[in-house]
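Following: one structure in structure tokens, then a few remarks.
Labels below follow one simple rule: chain letters A, B, ... track the order of the sequence lines, proteins then strands, and each chain is numbered from 1. These numbers come from the heavy atoms of this one structure, side chains and all, not from hydrogens, waters or symmetry mates.
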Amino acid sequence: MRASFPHMGNIHLLMSDLLERLEVEYIVAPPTTTKTLEIGVRHAPEFACLPLKITVGNFIEALDTGADTLLMAGGTGPCRFGYYAETQKRVMEQIGLDFSMVTFESPAAHPAMFVKAFKTIAPDKSVLQVWRALKTSFAKGRCFDLLEKRLLQLRAYEVAPGSTTAAYEAGLELMSKAKSREQIDAAYAEALALLDEVPLDREREVLKIGIVGEFYMLLEPFVNFGVERWLNEHDVYLERSVYLTDWIGPSRRNPVLGVSDADVGRLAHGYLSHHVGGEGQATIGHTMKYIEEGFDGIVHLLPFTCMPETIAKTIFPRLARDMDIPVLSFVIDEQTGKAGVITRLEAFLDLLWSRRRAKGGVRELVAS
Amino acid sequence: MRGYLGIDVGSVSTNLVMLTEDDEVAASVYRRTRGQPIVAVQDGLQELATQLPEDVEVAGAGTTGSARSLSGVIVGADIVKNEITAHAIAAKHVVPDVRTVLEIGGQDSKVILLRDGVVIDFAMNTVCAAGTGSFLDHQSARLGIPIEEFGGYALKSEAATQIAGRCSVFAESDMVHKQQIGHRLEDIIYGLCKALVRNYLNNLAKGSELAAPLVFQGGVAANAGMKRAFEEALGEAIVIPEHFNVMGAIGAALLAKASMAGGRRTSFKGFCVSDLVYDTSNFTCKGCANTCEIVKISIEGEVLARWGSRCGKWEVEERVSAAKA
């Protein structure tokens, strides 16, 4: 058996670590490229969302490079994500591919199925061994997330373009090699130090933007045109509403985000009083949180045909008016072009700077 | 004379404007891009120069539009700015208390909302051409009526024909159908204007308050039928600025002026760029499966700019603008 899994931001770092602990043979699928997208678009249903199309592409490329067992997460609730493992399986079976698929259902909703999935890929490991591996890998994954969060906060101030990104990537590299808890802690401290050593211009006036929306769109730079890096490099401090480990294993603390899903949900109550699947309610809740914290604006990313985020999107015009906060939504699919996204982002930053200046900020729209 | 140059290179038209130091339009050019932005800019500059005195001195240059980066490299712009901001700045210059800008160009359309002189919201159409100038152009050609006379026909209509405006393909078949069953041409043309306005308002202005004063600009503002349709739909008078078709270029010139405020020297290369031979070439990067198409713009073997890669490894761009925001 040789396992593989779809890409989504840094998930391959977390999955590689976990599969190594469980002594499961695996390969990392080729990185997501336009070829992946083309393969996915060719085979996946047209009105499925972009994440489904790209992950089908990842799976097919993984099978091409020697994988035979595909790992996918399951889910419950109004978001179609819960069906995706099944949809992917049927799409690939229809084109005559030979593979087996293992779906990891939510341990809270379906504990027996969760355990069974691990038994399938690592039959020699006891439940206790799996549990320990999960715990350690997760702790490591959390460090990746915390580094990324720090990156989004610091990069806007960097003196040399690209220096923070380079430090972050070096940090990921260090972290990837760490195995034991002690090594992980040491590597994390070292990676954090690398980031904190990057020369910064703390006097620089920056905008603060909260980036919210559907998890895959936020976590995967290929589909969001590297919007985070672009914003950071145009003097924008960022906070993001989704991090991988908090998303996979939500807890009362959500150590990366620092706020529980329940509390975020409550913040949304004035506009959306119940869960609508996916991150629909969290998108509104995090937006309210960023407004409370005095952010300048909100960037909202969603895949075309995504129901939960479409609900959030229709709430935004009223919320934006009530709370006096600019919101820019991007509905993304395989037709979306980067040029259009950049034009709107540029105009959005101009808008935010003008507002800042109208409220007494010093920076001119046109810096001379 | 001294002045500021603004260049707006869009998908359909290329517009150039020379503003005096008192922000008056000294000369303007509106021409077709015809898929050749470099040639359009070079020829446009030459045409602009013929309208200007010999001793003209360009104190600053700005570019905007979808080819803003390319044209910025070609002319040596002091500032390169997106077209949404450029249009807002120009509208505010003409009507200082403007609260809504309706802009319809050749291949895109936008709505910009301002309050107290600050842009508070904007929207730009994405992939649909149904509400833009290209579609009107196409229909005028099909009906054999010059685009300049299209608006006049619409004004003669007494009862607009219902036309499906959601999609340009459906709109066309609907128009053919209405012609075949005997509707008057005037009514069909005005019906088309109304359909485009409906489409624009539904697609772009969703849920936002389009408050007066309203300024309508972009090439399509030349069409009196569109103005009438907007006024009927919104119940407000619409202002069409004198230089409605070159507002993006005016905005770019105003931005150029603002960017030179600190006494900077312009990086404008001069009207002579019309005579230079720019060499553009492209190749496909084989570095990964993204197979990005890289475009290279050079002059006499010296690379001025190179872009198109996802990862950024090929990107070379002259710092055409110190202004980041």
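- Across every non-hydrogen atom of B/N125 and A/R344, the tightest pair is O-NH2, 2.9 Å.
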Exercise for review: Step by step, work out the side-chain contact (heavy atoms from CB on, under 4.5 Å) result for A/L328 and B/F122.
Suggested key: CA-CA 9 Å; A/L328 181 63; B/F122 63 83; 4.1 Å; yes

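- Here the OG-CG distance, from A/S354 to B/D116, works out to 12.5 Å after rounding to the nearest 0.5 Å.
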Practice item. Please step through side chain to side chain donor-acceptor pair (under 3.5 Å) for the pair A/T343 and B/R68, ending with a clear verdict. Key: CA-CA 10 Å; A/T343 297; B/R68 59 186 177 280; 3.1 Å; yes

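- Within a 6.0 Å radius of CD in A/E46, no more than 12 heavy atoms belonging to other residues, nucleotides or ligands are found.
- How far CG of B/N82 is from CG of A/L349: 9.0 Å, rounded to the nearest 0.5 Å.
- Not a single donor-acceptor pair under 3.5 Å links the side chain of A/R355 to the backbone N or O of B/V118.
- Heavy atoms closer than 4.5 Å to chain B are found in the side chain of A/R321, but not in its backbone.
- Within 6.0 Å of CZ in A/F222 there are more than 12 heavy atoms belonging to other residues, nucleotides or ligands.
- For B/F170, the CZ atom is loosely surrounded, since the number of other residues' heavy atoms within 6.0 Å does not exceed 12.
- Screening residues 58-67 of chain A for salt bridge (charged side-chain N to carboxylate O under 4.0 Å, His left out), with sequence neighbours left out, gives A/K35-A/E61.
- Rounding to the nearest 0.5 Å gives a distance of 6.5 Å between CZ of A/F225 and CZ of B/R310.
- Put simply, the side chain of A/D350 never gets that close to the backbone of B/T85: no donor and acceptor are under 3.5 Å apart.
- For the pair A/T34 and B/T291, the tightest heavy-atom approach, listed with the atom from each and the gap, is OG1-OG1, 4.3 Å.
- Of all residues spanning residues 246-253 of chain B, none has a heavy atom less than 4.5 Å away from chain A's heavy atoms.
- No more than 12 heavy atoms of other residues, nucleotides or ligands lie within 6.0 Å of NZ in A/K313, so this atom counts as exposed by the packing criterion.
- Other residues, nucleotides and ligands place no more than 12 heavy atoms under 6.0 Å from the CD atom of A/E173.
- Looking only at side-chain heavy atoms (C-beta outward), B/I84 and A/F348 stay at 4.5 Å or farther from each other.
- A/L37 does not touch chain B: none of its heavy atoms, backbone or side chain, sits under 4.5 Å away.
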